[in-house]
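Given the structure is predicted, the values throughout are model-derived calculations rather than measurements.
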Amino acid sequence: MAAEAVVTLEGVQALLDGLRRNGYRTLGPTLRDQAIVYDDIATIDDLPRGWTDEQDGGRYRLLRRMDDALFGYAVGPHSWKKYLHPPLLRLWRAEHDDGGVRVVAEPDPTDKLAFIGVRSCEIHALAIQDRVFLEGAYVDPHYRARREGNFIVAVNCGQAGGTCFCVSMGTGPKAQSGFDLALTEIVDTSRHAFVVEVGSEAGRRMLGEIPHRSPTPDELDAADAVVTRTEGAMGRKMQADDVHELLLRNLEHGRWDDVAQRCLTCGNCTMVCPTCFCTTVEDSSDLAGRETSRTRRWDSCFTMDFSYIHGGSVRASTSSRYRQWMTHKLSTWFDQFGTSGCVGCGRCITWCPVGIDITEEVTAIRDSEPR
Amino acid sequence: MEGLERILREHPFFAGLGDASADLVCGCAKNVRFEAGQYLFREGEPADQFYLVRHGRVALELSAPGRGAITIQTLGEGDVVGLSWLIPPYRWTNDARAIDLVRAIAIDGACLRQKCEDDHDLGYEMMKRVVPILVERLQATRLQLLDVYGVRA
Amino acid sequence: MVPRIARLRRKRRDGPQVWTLDLELEDRHASEAPRFAPGQFNMLTVFGVGEVPISVSGDPAAPDRLVHTIRSVGAVSSALTRLAPGAAIGFRGPFGTGWPMEETVARDVVIVAGGLGLAPLRPALYRLLADRLRYGRIVLLYGARSPEDILFRSELESWRRRLDIAIEVTVDHATSAWRGRVGVVPALVARADFDPLHAIALVCGPEVMMRFAVAALRDAGVADESIYLSMERNMKCAIAFCGHCQLGTVFVCREGPVFRHDRIRGLLALKEI
């Protein structure tokens, strides 16, 4: 879909206002705890204006930008999955009395969610989780309730993060679909504007509610240049075309033991990953035993408990747990859901406390594959 | 004698045995029967006679103080009871007890051993028949050791 | 994801730490009795304690009675076996693929069970015996830890009196008081009477025992495509959302628990997969 409009900073504010007027809860990047995280936002001043980040294996730092860009950074430790697939979610409560037991499903929130500043890799991550929770034999009603009616304001990345490799995974940096509106931020000495693409009817209606004008050829060129520059500046790359088969035929490669020497099995990679979906459940009861409930929480394949079957864990060693995570992400996900489970966002590299790099692990296996 | 040779050659242990070898083995063989509860042999005795079971079942047992007799394995029709006759020091390492009426061919192990020494073709033939059974029993023992049905604490 | 309420109607002991529980759904209407296929499992909740997957061990022709055979090993399974008749149990199910019952028609059926693995095979046996003429020879080879651990003992004895099913039971450990077989169950395969070229094998038990049983079946001439196994992994949700039961490329709850051997052959040999 072609670029259709240009909006100013005020236009972005008008977009937030318009979404809120239409009943959306507006969520977007903000500064907190020395990181860029997703939270409720009401004005463009809530955005990390003029900030950027520096990312590398096991490293994340915020820095001031030389300009006032609203979206001049890569992705932080959060992803949108925390809103759609909450880290902690009560599934049901059961009331117990002499007459019996009554199980009540937990009601889901009814507010419509608008995500502001969604990167192309994250749009792909949403689509991947949609396949898991909405497109199989069973539908997760809690995910569906949160996902339906989302308004997605994408942002085409103006800067590649140090651990980004979306170009390798074919997931960015330009958002191609799956959004309502997509912004490309143009910021230089003479201007600060946003080229807008419309991706849906809802997006077109919303654009109609905010001040905008037609783009000039120069602005379109500048928007293309932003994406091209980002494409050329990826912090990482991974040869992904054959990784499905590569890993499956190297399940007993010595590299798994090598990475296990470094891996702390902390599970950070699974928590920050925008596609990791594994959960466990915990049942609890009040002291009187009159009310019990079940809570679902994010789980990680790096825990011993994850693969527990009466008396022991199937995957007791670190190497087997790292192998499970990486082969699932890059390989068996195809068999299970028809796509890769990796979008190249680089979070698992940045937030690994010891800087284990999934792209480096793939390369190491490829380069030392026993023939 | 011809009846015994036919029975011998029909037993799975000697399946496909050549005429010359069958003749040699037959010279060391005889028909026997054991009543239920009778022992075919006892732990520690010289392994000078082994059995090809034709009918009935035999328990291989080990006794332990306080635990009584523990059955390690049961054998039946088509099985061989006793392999130690071929392997030094030619001594039984467990008891073999008839669970019910057992009909078998008893083979004089010392006699056959001597014939194996004299005729290595026959010796090799016996080894080829005994070793797979040993391996099968070793593997079964390993599986039993794993106690796969047990509850791990 | 929300359980229905079932009531514990009856419980009987089926071995040390093993109980068979009959449940009945509280909200049951004649039209919606949860029909199940042999080999499927349900998720049972003890309120306030947790939820566990349990294979159905009852007769598929009597789906109103939800029969489960449980060994008390973990917190939830122990709590289940401690419940008194009348107690409320959360119920979700049935889930998973069952045994390939249509594939068994007109063939010899060899069932190899180890330990508690007989429980998910019992519904298949009920089905086979209920319509006995549709099948060739039926052989049940069952291995247990000790004579005391043999499941469904009286039922096995009554089946044994039938002439149309061959049943061999063996135990790993016994004293001389036990008059039956001692030895491992895979060793029974070689002597069993069936036509390997036209037989179908259903195998369930601890994974190691299944590996040896499959090897024995293949040695006997049964094709990989005719061997089915019921696999076990940690199942938390039963609907492929929680990720726990992954076995390489598959979710055991979704593609399994019953798998054709050729489809998981490569995974069985891998450690910690």
Side-chain angles (χ1 to χ4, degrees), chain A residues 85 91-92 94 96 100-106 132-133 136-143 248 251-252 276-286 289 291-294 296 299-301 305-311 313-317 319-321 323-324 327-328 331-336, chain C residues 1-7 26-27 43 45-53 71-77 79 86-92 95 116 206-207 231-255 266-267 269-273:
Chain A
H85 178 47
L91 297 176
W92 49 259
H96 303 254
V101 186
R102 205 165 63 89
V103 185
V104 187
E106 189 74 6
V132 175
F133 291 124
Y138 295 91
V139 167
D140 180 346
H142 308 290
Y143 181 88
L248 285 188
L251 292 171
E252 293 184 303
C276 271
F277 59 83
C278 292
T279 53
T280 188
V281 287
E282 281 164 0
D283 286 24
S284 57
S285 143
D286 66 358
E291 183 174 303
T292 59
S293 66
R294 175 164 302 153
R296 181 168 84 176
D299 200 5
S300 172
C301 51
D305 207 37
F306 191 84
S307 61
Y308 183 90
I309 43 175
H310 51 78
S313 290
V314 174
R315 291 186 282 274
S317 70
S319 58
S320 69
R321 282 178 268 158
R323 178 181 68 182
Q324 167 62 27
T327 53
H328 186 216
S331 189
T332 55
W333 207 293
F334 282 101
D335 303 283
Q336 295 168 359
Chain C
M1 280 186 256
V2 175
R4 298 163 74 178
I5 305 296
R7 292 283 173 182
E26 205 170 66
D27 59 355
M43 298 297 290
T45 293
V46 179
F47 288 99
V49 182
E51 185 176 48
V52 280
R71 181 152 67 173
S72 63
V73 280
V76 184
S77 56
I89 291 175
F91 177 93
R92 296 192 298 131
F95 296 112
L116 214 61
E207 208 166 304
M231 296 299 295
E232 185 176 16
R233 282 296 181 270
N234 187 354
M235 291 194 271
K236 290 277 185 196
C237 76
I239 50 181
F241 288 160
C242 81
H244 283 247
C245 69
Q246 286 177 75
L247 173 65
T249 55
V250 298
F251 288 92
V252 172
C253 75
R254 186 175 76 176
E255 281 85 15
L267 298 170
L270 283 168
K271 285 193 195 75
E272 298 192 287
I273 193 72

Problem - Any residue meeting ring pair (Phe, Tyr, Trp, His ring centres under 6.0 Å) with A:Trp333, in chain and number order, not counting sequence neighbours - result: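 Once residues adjacent in sequence are excluded, the partners of A:Trp333 under the ring pair (Phe, Tyr, Trp, His ring centres under 6.0 Å) criterion are A:Phe277, A:His328, A:Phe337.
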
Select, from [options], the one with the greatest count of heavy-atom pairs under 4.5 Å involving chain C.
| options | answer |
| --- | --- |
| A:Arg323, A:Glu291, A:His142 | A:Arg323 |
| A:Asp286, A:Val281, A:Asp335, A:Thr279 | A:Thr279 |
| A:Thr327, A:Leu91, A:Thr280, A:Val104 | A:Thr280 |

Straight-line distance of [X] [atom1] to [Y] [atom2], nearest 0.5 Å:
| X | Y | atom1 | atom2 | value |
| --- | --- | --- | --- | --- |
| C:Phe47 | A:Arg294 | CZ | CZ | 8.0 Å |
| A:Leu251 | A:Thr332 | CG | OG1 | 9.5 Å |
| C:Arg4 | C:Arg92 | CZ | CZ | 12.5 Å |
| A:Asp305 | C:His244 | CG | NE2 | 7.5 Å |

Problem - Heavy-atom pair with the smallest gap, counting every atom of C:Gly243 and A:Cys278 - result: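 Minimum heavy-atom separation between C:Gly243 and A:Cys278: CA-SG, 3.5 Å.
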
Side chain from CB out, backbone as N, CA, C, O: work out which of these in [X] comes under 4.5 Å of a heavy atom of chain C, or both, or neither.
| X | result |
| --- | --- |
| A:Ala94 | side chain |
| A:Arg296 | side chain |
| A:Asp140 | both |
| A:Gln336 | both |
| A:Glu252 | side chain |
| A:Ser284 | backbone |

Problem - Top of C:Ile273, C:Thr45, C:Val76 for chain A proximity - count of heavy-atom pairs under 4.5 angstrom - result: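 That would be C:Ile273.
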
Exercise for the section: Check the pair C:Phe241 / A:Val139 against side chain to side chain contact (heavy atoms under 4.5 Å, CB included), numbers first and verdict last. Expected result: CA-CA 9 Å; C:Phe241 288 160; A:Val139 167; 5.6 Å; no

[X], part contacting chain A, at a heavy-atom distance under 4.5 Å:
| X | answer |
| --- | --- |
| C:Ile239 | both |
| C:Gln246 | both |
| C:Glu51 | both |
| C:Val73 | side chain |
| C:Arg254 | side chain |

Problem - Expected output: side-chain C:Glu272 to main-chain A:Ser317 donor-acceptor under 3.5 Å - result: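 Yes, because the side chain of C:Glu272 sits within donor-acceptor range (under 3.5 Å) of the backbone of A:Ser317.
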
Practice task
Inspect the contact between C:Arg233 and C:Glu207 and indicate whether a charged nitrogen and a carboxylate oxygen are less than 4.0 angstrom apart.
Solution key: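 The answer is yes: the pair qualifies as a salt bridge.
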
Handout entry: Partner residues of A:Ser307 under the side-chain contact (heavy atoms from CB on, under 4.5 Å) criterion, sequence neighbours left out
Key =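 A:Ser313, A:Val314, A:Arg315.
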
